[in-house]
Amino acid sequence: MANKADKVKARLPRGLVDRHAADIRATDKMLAAIREVYERYGFDPVETPMLEYTDALGKFLPDQDRPNEGVFSLQDDDEQWMSLRYDLTAPLARHVAENFNEIQLPYRTYRAGYVFRNEKPGPGRFRQFMQFDADTVGAPSVAADAEMCMMMADVMEALGIARGDYIVRVNNRKVLDGVMEAIGVTDEGQKLAILRAIDKLDKFGVEGVKLLLGEGRKDESGDFTKGAGLNDNQIDRVLKLVAPVVGTRLELQYFMSGAVHGSDIGLEGVGELDQIGELIEAAKYSDRIRIDPSVVRGLEYYTGPVFEVELTAEIPNEKGEIVRFGSVGGGGRYDGLVSRFRGQPVPATGFSIGVSRLMTALKNLGKLGEGDVLAPVLVTVMDGDMEAMGKYQDFTQKLRAAGIRAEMYQGNWKKFGNQLKYADRRGAPLAIIQGGDERANGEVQIKDLIEGKRLSGEIESNEEWRASRPAQVTVKEEDLAAKVREMLDQQAQDRAGGA
RNA sequence: GCGGUCGUAGCUCAGUUGGUUAGAGCGCAGGAUUGUGGCUCCUGAGGUCGUAGGUUCGAUCCCCACCGACCGUACCA
């Protein structure tokens, strides 16, 4: 045993979490619900490893021979850099490119898994988290993008989020590029600054974005963020496109066309968005999916339509404060990602659901069915001789054979009180008890711990509490499993009635 | 990354203008009770006061650095 001085300190690296039973079960349920939707849409699963060669992830800075910050990287024994994946899209592109001849396009596929980002963690932001993606590779038409949006909406509802408590917003990168072209912005750095500013619309409002598009903005801590440096005319034109617009699809189209006037790429984007709008209307999804020119969605590889699903319901956080939860998933068209590995163009579109983040939201909304796994029935140990122990083991197996979660007490059985205390804290619904007297009669006692707890409020003295043996019934050994089942069913009914 | 607030028992927090032995509640363990959870009572374990330097006769307290948490901001493929 290590002495005190050289004990290793047990500590979790920052930004990572251990997951407990309730979390894991809830995640499993969520994944199953999402998978069901993807399967219904005709998507098939595929899985890739967590590690990839770093260049396949595309994260080398041009002037460095080390991988970019933000990814966890390590060097293989042949000195090649490998990295933990930071999303599921780049590995999919690699997989498709590598198996191009075997894969039938359009390839409709989904996968779930952990991704890793070496960034500053925050509330609801971790360095390892789970995503659940769906993509269609080899489909150039906006119909594939429209399908993605509809599938995202269906996923939200499959998770129990009511229509109106979420919204899928769609934009097109070409529209944003178009307006920047139209106002004469050519510098890449300035373009990025503009996109970042637009992305902050829901955080800082129109006024904040205005500052960020122009000179810059000072935050509460006194820190100054340099702006994109646009002049007033340019700012007006960007804000006109991006600030909230209401209207019919045709009005919106007219309006956006005006904003990108003079840019061919912009007009193309407006046309694509309009087609998506038409498809969505035809499929009766207009109340769930909205064209919104302010969606930016990442900065790098998207080439066309981009979309984002956002929770709009008022969600209390752990402290009971109402917070805007924001985006829980998103995606878009990335026509360049696969072709990076191959000479020919390979169009693709897809999206990603942030499982960990969504789960926090569902938990705070109270829509996570956590408590529905019942703790096991506890078979207590009264006597330690082999005959008695054999009986207890037999009871336990009979319960299991009847499909009932059951365990035999494995701690120090000599303190019987501790066994019931254990059962109580574990949340066991029933305890099975057989001492020498019962054994002689071929009987066994079943104690209803839930009913017993209720009765405890009416009993004052400990002597009476112990002597009365509340909520206990005696049955023949051979009737044990049937009676346990009956009592569990009764408890389930009481729970349903009480809830 | 930048700016701010903070770090005392498993948890929530007192406390010391720099002074001997750092406390409470809750929780945990044992007992009152060798075959019955809760309640009540008794007893106990658990702290190098985030870590490492510095100032000082003396530091949990003052100074510096680092680590970590939280808030804002930047970045987020």
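What's counted below: heavy atoms across the whole structure, side chains too, no hydrogens, waters or symmetry copies. Quick note on labels: first sequence line is chain A, next is B, and so on, each numbered from 1. As the structure is a computational prediction, the values presented were derived from the model and not from experiment.
- Look at the C1' atom in both B:A14 and B:G47: the space between them is 15 Å, to the nearest Å.
- A donor-acceptor pair shorter than 3.5 Å cannot be found between the side chains of A:D489 and A:Q493.
- In terms of position on RNA chain B, the residue among A:G436 and A:S461 whose nearest nucleotide sits closer to the 5' end is A:G436.
- Nucleic acid contact for A:Y334: none, since no nucleic acid atom lies under 4.0 Å from a heavy atom of the residue.
- The phosphate of B:C39 (OP1 or OP2) has no side-chain N or O of A:W465 nearer than 4.0 angstrom.
- A:Y334 and A:D135 share a side-chain donor-acceptor pair at under 3.5 Å.
- Atom CG of A:L337 is separated from atom P of B:A77 by 12 Å (rounded to the nearest Å).
- Between A:E52 and A:R85, none of the side-chain N atoms (NZ, or NE/NH1/NH2) sits under 4.0 Å from a carboxylate O, so this pair counts as no salt bridge.
- Taking the side chain to side chain contact (heavy atoms under 4.5 Å, CB included) definition, one finds that A:E119 meets it with A:R117, A:R125, sequence neighbours left out.
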I'd like a table of atom pairs between the protein and nucleotides 32-34 of chain B - only N or O on both sides, under 3.5 Å - with the distance next to each one.
from	atom 1	to	atom 2	distance (Å)
B:U33	N1	A:R466	NH1	3.4
B:U33	O2	A:R466	NH1	2.3
B:U33	N3	A:N462	OD1	3.4

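- In terms of modelled atom types and a separation under 3.5 Å, the side chain of A:N412 and the main chain of A:K414 share a donor-acceptor contact.
- Each of A:K447 and A:R217 has a nearest nucleotide on RNA chain B; the 5'-most of these lies closest to A:K447.
- Between the base of B:U36 and the side chain of A:Q472 there is a donor-acceptor pair shorter than 3.5 Å.
- A:K203 comes within contact range of the sugar-phosphate backbone alone, with a heavy-atom separation under 4.0 Å but no base atom that close.
- Atom NZ of A:K218 and atom C1' of B:A74 are 16 Å apart (whole Å).
- Atom CG in A:D199 sits roughly 10 Å away from atom P in B:A74 (whole-Å rounding).
- Counting non-hydrogen atoms under 4.0 angstrom, A:R425 reaches the backbone sugars and phosphates but no base.
- Residue A:L455 is out of contact with every strand shown, counting any heavy-atom pair closer than 4.0 Å.
- Taking atom P on both B:A24 and B:G44, the two are 12 Å apart, rounded to the nearest angstrom.
- Paired runs in RNA chain B that reach 3 or more consecutive Watson-Crick or G-U pairs, where each pair keeps both distances under 3.5 Å, cover B:1-7 with B:67-73, B:10-13 with B:23-26, B:28-32 with B:40-44.
- Rounded to whole Å, the separation between the C1' atoms of B:G23 and B:G46 comes to 14 Å.
- Note that NZ of A:K391 is 15.0 Å distant from CE of A:M382, once rounded to the nearest 0.5 Å.
- How far CE of A:M180 is from CG of A:L241: 10.5 Å, rounded to the nearest 0.5 Å.
- Distance check on atom P: B:U12 versus B:A22 gives 23 Å, rounded to whole Å.
- Side chain of A:R196 to main chain of A:A228: no donor-acceptor pair is present (N/O by atom type, distance under 3.5 Å, no hydrogens or angles).
- Residue contacts shown for A:G452 include a base, since a base heavy atom lies under 4.0 Å away.
- With hydrogens and angles ignored, a donor-acceptor pair closer than 3.5 Å exists between the side chain of A:E438 and the base of B:G35.
- When the C1' atom is used for both B:U40 and B:A52, the distance is 48 Å, rounded to whole Å.
- Without hydrogens or angle criteria, A:Y38 side chain to A:R111 main chain gives no donor-acceptor distance under 3.5 Å.
- Comparing B:G35, B:G37, B:U73 by their closest approach to the side chain of A:K421 singles out B:G37.
- Spacing between B:U33 and B:C42 at atom C1', rounded to whole Å, works out to 13 Å.
- For the pair A:K453 NZ and B:G38 P, the interatomic distance rounds to 8 Å; values are reported in whole Å.
- Judged by distance alone, with hydrogens and angles left aside, A:R196 brings no side-chain donor or acceptor close enough to the base of B:C75 to form a pair under 3.5 Å.
- Straight-line distance from the CG atom of A:L16 to the C1' atom of B:G68: 14 Å, rounded to whole Å.
- B:C49 and B:G18: their C1' atoms are spaced 15 Å apart (whole Å).
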Worked verdict on A:R169 versus A:E308 for salt bridge (Lys or Arg N to Asp or Glu O under 4.0 Å): CA-CA 5 Å; A:R169 301 185 300 140; A:E308 194 158 77; 3.1 Å; yes
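- Regarding contacts with the backbone of B:G72, every side-chain N or O of A:K200 stays at 4.0 angstrom or more from both OP1 and OP2.
- Candidate nucleotides B:C76, B:G38, B:U73 were compared by shortest atom distance to the side chain of A:R125, and B:C76 ranks first.
- The separation between A:R454 atom CZ and B:C39 atom P is 18 Å, rounded to whole Å.
- Between A:T360 atom OG1 and A:F129 atom CZ the span is 12.0 Å, to the nearest 0.5 Å.
- In this structure, A:R14 reaches the sugar-phosphate backbone alone: every heavy-atom distance under 4.0 Å involves primed, P, OP1 or OP2 atoms, never a base.
- With C1' as the reference atom, B:C13 and B:G3 are 28 Å apart, rounded to whole Å.
- When rounded to the nearest whole Å, the span between CD of A:E451 and P of B:G37 equals 17 Å.
- Which of B:G35, B:C71, B:G37 sits closest to the side chain of A:D424 comes down to B:G37.
- Residue A:R117 has its side chain nearest to B:C76 when only B:U73, B:G30, B:C76 are considered.
- In this structure, a donor-acceptor pair under 3.5 Å is present between the side chains of A:S352 and A:D133.
- The nearest whole Å value for the distance from the CD atom in A:E52 to the C1' atom in B:A77 is 14 Å.
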